Visitor: 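Have a look at this one before I ask anything.
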Amino acid sequence: MIYLELFWSFFQIGLFAIGGGYAAMPLIQAQVVDARGWLSLAQFADVMAISEMTPGPIALNAATFVGVQTAGIPGGIVATIGCIVPPCIIMTLLAYLYYRYRGLSVIQGILAGLRPAVIAMIASAALSLVILAFYGTRTLPADLTVINWRAVVLFAAALFVLRKWKVSPIWAIAGTGAAGLLLYALL
Amino acid sequence: MENKPAVYRKLFFSTLKLSAFTFGGGFVIVPLMRRRFVEELGWLEEQEMLDITALSQSSPGPIAVNASILIGYRVAGLPGALMTVLGTVLPPLVIISVISWFYQAFRDNPLVNVAMTGMLAGVAAVLCDVVITMTAKLFKQKRILPFVILAGAFVASRVFGVNIMLIIAACGLIGACDLFIRRKREKEGQK
């Protein structure tokens, strides 16, 4: 039952994605690419690029995209609902506790422990995408010299611009898209 | 305050507009929500909005969705929350549905393919940037535990293939225990 699977996958993403959009990415990858095989890693990267350049939270964008790709518009709606049910419940509970006891100290402790774990997960997702961009495969090939130099240049340029001038990710990603076309046309 | 249907309508269209035109995720949209509901409409106090922001960032799920639930609920109860959630969810649902519909046709276009391949490098760079920024913030705490968690989580996931959700739950537990132990030590130190 595809609707149930969609709902359950995005329910888990909604439940465990704590700390904003980038924290959701590795979870989406784990569910949608690794566990269910609904998208390839390259398609997942496409969704991330599209997500950054359109409004709306990454998790919801991914839910709609995956839902529509696997089961049409109803699939998109079911996945979106799955994604927002856990926050609705937990949010209500948290709000109640917060207004009652005025403080989030336990939750802040949990968050302090989560933050480095979230960094590790994002780093792992980043590594997967770097390998995919540089080598076009999911794992490092035996011969590390067969590297896509265009991708390396684009990656380095984007990272430099992001670090140096703190540009918005939208511009960094749109820029690499345009620069990719330009490199292709020139070389 | 105005009559109920008018409030519901305003809640719905305010969040709809914010969700449809705000690029860049939760940390961008929440300040814009503050401007709309605190400054323009005067429906929430400044302090309430600060609480809402803290709560939305501490709870699972998209920050924009969390914040809109709380705002809707504070202004007009459960029906209010329903209005704001709908307003927040509809724009991405519609926009991505349309994109998704045309995705295959777009993707097979050779020019789009070249652009998307370039963007893959861009997305990888954005994620690396996020990792660097977040790690730099960890250094400011001047503690070892966060780095132990970071390294442990990375190895567990990457090398041993441990389920991400399990890792997150375990690290949350470690964080809670750590806070508990430090509290206890502080109390004993005072004696």
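Protein chains get the first letters and strands the later ones, always in sequence-line order, with residue 1 at the start of each. Being a predicted model, the structure only gives us computed values, none of them experimental.
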Visitor: Is it the side chain or the backbone of L111(B) that comes within 4.5 Å of chain A heavy atoms, both, or neither?
Guide: both

Visitor: Tell me, side chain or backbone of S128(A) under 4.5 Å from chain B's heavy atoms, or both, or neither?
Guide: both

Visitor: For the interface with chain B, which of V130(A), L129(A), N61(A), T80(A) has the highest count of heavy-atom pairs at distances below 4.5 Å?
Guide: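 Heavy-atom pairs under 4.5 Å are most numerous for N61(A).
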
Visitor: Between chain A and each of A153(B), P91(B), G175(B), S100(B), count heavy-atom pairs under 4.5 Å; write down the option with the most.
Guide: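 Option with the greatest count: S100(B).
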
Visitor: Heavy-atom pairs under 4.5 Å with chain B are the metric here; pick the option from A158(A), G180(A), A125(A), A117(A) that has the most.
Guide: A117(A)

Visitor: Taking C-beta and beyond as the side chain, do S58(B) and Y98(A) meet within less than 4.5 Å on heavy atoms?
Guide: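 Of all side-chain heavy-atom pairs linking Y98(A) with S58(B), none is under 4.5 Å.
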
Visitor: Check each atom of P86(A) against the heavy atoms of chain B and say whether the ones under 4.5 Å are side chain, backbone, both or neither.
Guide: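 Neither; nothing under 4.5 Å.
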
Visitor: Check whether L132(A) gets within reach of chain B through its side chain, its backbone, both or neither, counting any heavy atom under 4.5 Å.
Guide: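 Both backbone and side chain of L132(A) come within 4.5 Å of chain B.
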
Visitor: With a 4.5 angstrom heavy-atom cut-off, which part of L93(A) approaches chain B: side chain, backbone, both or neither?
Guide: neither

Visitor: Please flag which part of S157(B) lies under 4.5 Å from any non-hydrogen atom of chain A: side chain, backbone, both or neither.
Guide: side chain

Visitor: Among T133(B), V130(B), D129(B), exactly one meets side chain to side chain contact (heavy atoms under 4.5 Å, CB included) together with L162(A). Which residue is that?
Guide: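 Among T133(B), V130(B), D129(B), the one meeting side chain to side chain contact (heavy atoms under 4.5 Å, CB included) with L162(A) is D129(B).
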
Visitor: Do you know which of D34(A), I50(A), V47(A) has the most heavy-atom pairs under 4.5 Å to chain B?
Guide: I50(A)

Visitor: Measure Q43(A) against the heavy atoms of chain B and call it side chain, backbone, both or neither at under 4.5 Å.
Guide: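 Contact with chain B is through both the backbone and side chain of Q43(A).
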
Visitor: Counting heavy-atom pairs closer than 4.5 Å to chain B, which one of A79(A), A185(A), S168(A), A123(A) comes out on top?
Guide: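 Sorted descending by pairs with chain B, the first entry is A123(A).
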
Visitor: Let me know if I131(A) has heavy atoms under 4.5 Å from chain B in its side chain, its backbone, both or neither.
Guide: side chain

Visitor: In terms of heavy-atom pairs under 4.5 Å, which option from M121(A), R150(A), M48(A) contacts chain B the most?
Guide: M121(A)

Visitor: Where on I122(A) is there a heavy atom nearer than 4.5 Å to chain B: the side chain, the backbone, both, or neither?
Guide: both

Visitor: Contact part of L93(B) toward chain A, heavy-atom cut-off under 4.5 Å: side chain, backbone, both or neither?
Guide: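 L93(B) touches chain A through backbone and side-chain heavy atoms alike.
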
Visitor: So which of A151(A), A45(A), S124(A) has the largest heavy-atom pair count under 4.5 angstrom toward chain B?
Guide: S124(A)

Visitor: Using non-hydrogen atoms and a 4.5 Å limit, figure out which bit of I95(B) sits close to chain A: side chain, backbone, both or neither.
Guide: side chain

Visitor: If I measure from the heavy atoms of chain A, does I96(B) come under 4.5 Å with its side chain, its backbone, both, or neither?
Guide: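 The answer is both parts of I96(B).
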
Visitor: Would you mind checking which part of N66(B) comes under 4.5 Å of any heavy atom in chain A, side chain (CB onward), backbone (N, CA, C, O), both or neither?
Guide: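 Both parts, backbone and side chain.
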
